[in-house]
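Quick one: the structure is below, and I'll ask about it shortly.
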Amino acid sequence: MDKTFDAKTAETRIYDGWEETGAFRAGANAKPGAEAFSVVIPPPNVTGSLHMGHAFNNTLQDILVRWHRMRGHDTLWQPGTDHAGIATQMVTEREMAANGEPSRREMGRDAFLERVWEQKIKSRGTIIGQLKRLGASCDWSREAFTMSGAPNAPEGEDGNFHDAVIRVFVDMYEKGLIYRGKRLVNWDPHFETAISDLEVENVETQGQMWHFKYPLADGRTYTYVEKDEDGTVLFEEERDYISIATTRPETMLGDGAVAVHPSDSRYAPIVGAFCEIPVGPKEHRRLIPIITDEYPDPDFGSGAVKITGAHDFNDYAVAKRGGIPCYRLMDMGAQMRADGAAYAEAAETAMAVARGETTLSESEVDAINLVPDDLRGHDRFEARRRVVEQITEEGLAVMVPAHDPRLGKKAARKAQPEEGGTPPEEALVPLIEEKLIMQPFGDRSKVVIEPMLTDQWFVDAEAVVGPALEAVRDGTVEILPERDKKVYFHWLENIEPWCISRQLWWGHQIPVWHTPGFGDEWRSFCAATEEEALQQMHATFGDDAEFIMVEDEAAATEMLAGYFQNMTDTTGVDQRRRPQAIPVFRDPDVLDTWFSSGLWPIGTLGWPEDTEELKRYFPTSVLITGFDIIFFWVARMMMMQYAVVGERPFDTVYVHALVRDEKGKKMSKSLGNVLDPLDLIEEYGADAVRFTLAAMAAMGRDLKLSKDRIAGYRNFGTKLWNACRFAEMNGVFEGREASATPPQARETVNRWIIGETARVRETVDEALEGYRFNDAANTLYSFVWGVVCDWYVEFSKPLFDKDPEVVAETRATMGWVLDQCMVLLHPFMPFVTEELWGLSAKRDGMLVHADWPDYRAADLIDAEAETEMRWVIALIEGTRSARTQMRVPVGLYAPMLVADLGEKERGAWDRNADLIKRLARIERLDEVESFPRGTVTIPVGATSFGLPLEGLIDVGEEIARLEKARGKLEKEANGLRGRLKNPKFVESAPEEVVEETQANLVARDEDLAAIDAALARLKEIG
RNA sequence: GGGCGGUUAGCUCAGCUGGUAGAGCGCUUCGUUUACACCGAAGAUGUCGGGGGUUCGAAUCCCUCACCGCCCACCA
């Protein structure tokens, strides 16, 4: 054997070996009739690459999976990747741009999809390969993909995940759980798609709040009165305007009303009146009503709120309640709209609506573009600048003295007087408050999200959330750690409709076909296939109806232009003449990625087919996932599995925390503090990385990763390696018949280590049962290093020089103990252990399929051996400590004295003399009446050993040493004595605790007596 | 504004249902002992964030304050 394990070359070889033998196949190594254990991998993005979070997540899964597999359970670790709509489309488009390929729009939808599939196939191997490097023991023959079997999927991408998704959509649609509607949604202007609430990151940003005057219509005035709580008038003035604050002046153009709280007496006189939006061409100023609504907070700002239903979620709610029209101001790229009629005409129409002269349908309102001609086509931020400028120029900004505390520094600076101007205190400046505002950003695009009024598809989440909540409440599904349950509940109890449509191309296209309905709305048919949709259309429009598939809504509209013109003077719906062929187009939107990954547990097991795997492995056993996707994924899987198959997706959810850098910062590319797991694997080996992650995985706590730590655990692997190397050199592995059952041993040392091993096996199992990965890892670490290597290997050395019988027994024991180390460590460090397994005996199979032990500590612990070995260790440690402090040369074998050797101790000494002498560097043991001058005393239990070091020791040094030890002992003894003297303690503490305390006190007193005797002797000399 | 975590040795963290403060790294000294220098031996280091309370006994339970972090939230 080499001195170290060469992870670099061995790991791939070993992994290939596992794969070739099908070691990870579902059910591999299962005992007949074994219970099932199944885990679905949180599917990484197909174009992604492995980051620390993945490494952590998959290490934990692999530990559990390997552990169960070795225990003979019917184990499946289901792997796969996610098509990751936005991310993948983004990655592909970026690469296309870099390659100078035509853009997505230039190539068209079909060609683009083909291109993304190429990208998918190309990059899939990256993350899969990385997972393999980590050692993940997934059943790769079952690798799934969330878009497998999609209609445009190329050869080799078959599978039926797409069928499952479509089937669920259709089913939920038919049950009324999915609906379409024009709603205000979070719009990502970069990707030009709607996103869900969860994909919005609210970030505190420095912003400004402007205050503007909305003049009252027709020169109307009112007395504005501010009172305090007691009704005392604080301020009173005659006003011809209402003051409005806004952080988004550009949206004023779309205002539909001004709202005040119904109880707000300041504005009571003008409720119902009209005011003017102070922007846009003077001659076409729009008037909007002043309405009441519960929403405005009278204590905030002026208490009056402008209502822009199409660009603000609160305003939208107010608008809905008050029947206020929502005027959309921006296009899909969040530029100010440039479509439709000129401003004059649009404003006129809007005025008519405001006056109540006409009512328009939603889409008619949407068609109105209220952006003044000079602002059309501008970016929203540019439009804001201009709007502010125009209003301020017109004198309609609220002005305040330059010293107003609400003003930011900028405004104050502006107020510096020009030559001969007004002194600063009296100068009036526009009221622009600098303040922190929560600004929404797209989590992928990092662009400011715009609330946008669009047609979208929604899941009625509230209708399906019930069982998902109930299951966790009643314990059907366990979420660990406890605290994450609360997070889960909080979100689900306040669930909002889930916007599932995305205006992307890469994804599951919504299985809905639209035809012209009646009026200007489209009529929709939802079906799994186009044929089925057509059947439905025939059923509706008549068997003789003729349909023609067209590209999109625009094409259909064009076809129908003539038709609708003909219809304008027709009244009754049924009398309408149909066009020759009715245009039909498929809904262009695709589904939110999480809609499909929400089906991951059943989808990967073959649903909607009634497969054997579903029967065996569903519901899955445990889901291991990061806290950041509890809402995105865990909650959705819960809702959807219950909605679709009426069953929980998993029994337990183990939520783990984030991997941070060594300073506790979240790893991010922009901070440059990312540790790439692949680099670390390259440098330290996969086992070290895995063990580090496991050892640091205290439940629910973030873990901070440093290279030092990984190096430490790499060394741990080497340590085990070298213990085996030692064994090999001592013939342990020679012609060996490895056995899983512990050998019968006579030597104390061997009996002791067998018991210790059994104890560790129990602790590890208990820890893993409780998902306490760190406890399991640390237990193994301290056992292998601190017990097996530090003591057992050392103890064995003299045994290998004894008679053949002892040598044989020791070889058998050491072989067994090392085997157990390999077995128990295998889930954590699969590579080194597998390698050692192969090197240490001729075996029937690989370690990956070895039997996990079930021996019990109670059966294997030999209490006498344990007591004896503890005594031996204490003696050796005490001697070594004394020697070092007395500066006894390391190489010197010193004689040892003992004065009062008891019966038991004599036996212990006799049985272990060889190894004590060797490890404590003792020449011989002499029994004496009393210690001579200059003897260093080593108390071990009731016995005092001594090192006669006359002339060698520094008396002062030894007195200091003993007094230090004495001080510590005395402090402890006094503490114990104090407790025992307290009658309340003796009364109320449990009996064992009292007994233990007494025993401890006796032990301390014995040691103290020995030390006192030694001190007395030394002082004689001194 | 709500909620949840954290504060223990120089650093990073363990300490489950209250019963003599622990680990790893780092540090100091020593070491060519026939597995291992990715090693061995021996050490040093803590008013367990502050303040109250419950208890015979609190790092551990309760209250409160401070600071740090995270999540959620519609204050224009």
Side-chain angles (χ1 to χ4, degrees), chain A residues 1 3-5 202 209 244-248 251 259 295-297 299-308 312-318 437-438 483-484 486-487 490-491 494 627-628 630-631 657-658 662-664 666 684 688 692 695-696 698-709 711-730 770 772 774-775 778 781-782 786 789-790 793-794 797 877 880-885 887 889-891 918-919 921 971-973 975-976 978-979 982-990 992-994 996-997 1000-1001 1004:
Chain A
M1 281 174 76
K3 273 197 170 183
T4 54
F5 170 60
N202 289 301
M209 189 160 81
I244 304 283
T246 180
T247 54
R248 303 204 49 200
T251 65
Y295 162 63
D297 174 0
D299 296 326
F300 186 86
S302 69
V305 185
K306 66 189 214 55
I307 300 301
T308 319
D312 182 282
F313 286 96
N314 292 310
D315 294 5
Y316 182 68
V318 175
I437 50 175
M438 275 300 196
R483 112 171 89 92
D484 287 295
K486 289 188 201 161
V487 179
H490 180 260
W491 190 67
N494 298 290
F627 75 93
D628 51 334
I630 295 180
F631 306 144
L658 219 62
E662 51 199 314
K663 295 192 190 89
K666 190 171 167 174
Y684 300 102
T692 308
M696 300 184 74
M699 201 185 287
R701 293 271 317 242
D702 285 348
L703 57 99
K704 293 176 192 151
L705 203 57
S706 79
K707 284 193 162 194
D708 285 346
R709 197 77 187 242
Y713 289 119
R714 185 265 326 267
N715 298 352
F716 173 57
T718 308
K719 189 75 184 174
L720 173 70
W721 180 268
N722 277 290
C724 291
R725 195 158 156 260
F726 170 81
E728 187 201 36
M729 294 166 96
N730 284 284
R772 285 179 286 111
N774 57 327
D775 285 349
N778 291 327
Y781 183 93
S782 49
C789 293
D790 287 350
V793 168
E794 295 304 326
K797 286 175 182 173
E877 284 184 332
R880 293 211 280 222
S881 181
R883 288 177 62 119
T884 308
Q885 282 178 65
R887 302 182 207 286
V890 176
R918 183 190 178 104
L919 296 178
R921 314 217 133 210
K971 200 178 143 199
E972 285 171 7
L976 296 168
R979 258 200 274 170
N982 183 341
K984 282 188 181 169
F985 170 70
V986 184
E987 269 167 43
S988 43
E992 313 108 62
V993 174
V994 177
E996 199 188 321
T997 311
N1000 281 335
L1001 181 59
R1004 294 297 181 288

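Below, chain A is the first sequence line, B the second, and so on; all start at residue 1.
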* To do: Indicate, with yes or no, if the rings of A/Y684 and A/Y713 have centres closer together than 6.0 Å.
  =>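 Not under 6.0 Å, so no.
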* Give none if B/C30 has no partner; otherwise give the nucleotide forming a Watson-Crick or G-U wobble pair with it, both distances under 3.5 Å. =>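 B/G40 - that is the nucleotide pairing with B/C30, both distances being under 3.5 Å.
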* To do: When you get a sec, tell me which of B/G19, B/A76, B/C38 is the closest nucleotide to the side chain of A/I437?
  => B/A76
* **Who pairs with B/G69 - Watson-Crick or G-U, where each distance is under 3.5 Å** => B/C4
* To do: Just name whichever nucleotide pairs with B/C48, Watson-Crick or G-U, keeping both distances under 3.5 Å, else none.
  =>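 WC or wobble partner does not exist here.
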* Does A/K3 have a side-chain nitrogen or oxygen under 4.0 Å from the phosphate oxygens OP1 or OP2 of B/C39? ->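 Answer is no, no contact under 4.0 Å.
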* Separation between the P atoms of B/U45 and B/U7, rounded to whole Å -> 24 Å
* Rounding to a whole Å, what distance do you find between A/D775:CG and B/G15:C1'? -> 9 Å
* The side chain of A/V890 lies closest to which of these nucleotides: B/G31, B/A42, B/C75? ->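 Closest nucleotide among those given: B/G31.
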* Closer to the 5' end of RNA chain B via nearest nucleotide, is it A/R725 or A/Y713? -> A/Y713
* **Under-4.0 Å side-chain N/O to phosphate OP1/OP2 contact, A/K707 with B/C25** => no
* Hey, does the side chain of A/S881 reach the backbone of A/E877 with a donor-acceptor pair shorter than 3.5 angstrom? ->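 No; judged by distance alone, with no hydrogens or angles, the pair does not exist.
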* Hunt down the Watson-Crick or G-U wobble partner of B/A76, both distances under 3.5 Å, from any strand shown, or write none. => none
* To do: Please confirm whether any donor atom in the side chain of A/K486 sits under 3.5 Å from an acceptor in the base of B/C4, or the reverse.
  => no
* Asked: Under 4.0 Å: is that the gap between some side-chain N or O of A/S881 and OP1 or OP2 of B/G43?
  -> yes
* A/N715 side chain near B/C39 phosphate (N/O to OP1/OP2, under 4.0 Å) -> yes
* Is there a donor on the side chain of A/E794 or the base of B/A35 sitting less than 3.5 Å from an acceptor on the other? -> yes
* Asked: In whole angstrom, what separates A/N202's CG from B/G3's P?
  ->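 It is 19 Å, rounded to the nearest whole Å.
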* Closest to the A/R483 side chain: B/C74, B/C38, B/C4? -> B/C4
* **Whole-Å distance separating the CG atom of A/N774 from the C1' atom of B/G22** => 14 Å
* Residue whose nearest RNA chain B nucleotide is more 5′ - A/N730 or A/F716 -> A/N730
* Select one nucleotide: of B/A76, B/C71, B/A35, the one nearest the side-chain heavy atoms of A/M209. =>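 The nucleotide sitting nearest to the side chain is B/A76.
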* Asked: Who does B/G24 pair with, Watson-Crick or G-U, both distances under 3.5 Å?
  ->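 B/C11 is the nucleotide pairing with B/G24.
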* A/N722 has an atom CG; how far is it from atom P of B/U33, in whole Å? ->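 Value for this atom pair: 16 Å.
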* **Polar pair under 3.5 Å, donor/acceptor by atom type, side chain A/R709, base B/C25** =>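 No pair found.
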* Asked: Which distance, rounded to the nearest 0.5 Å, do you find between the NE2 of A/H490 and the CZ of A/F631?
  ->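 It comes to 8.0 Å.
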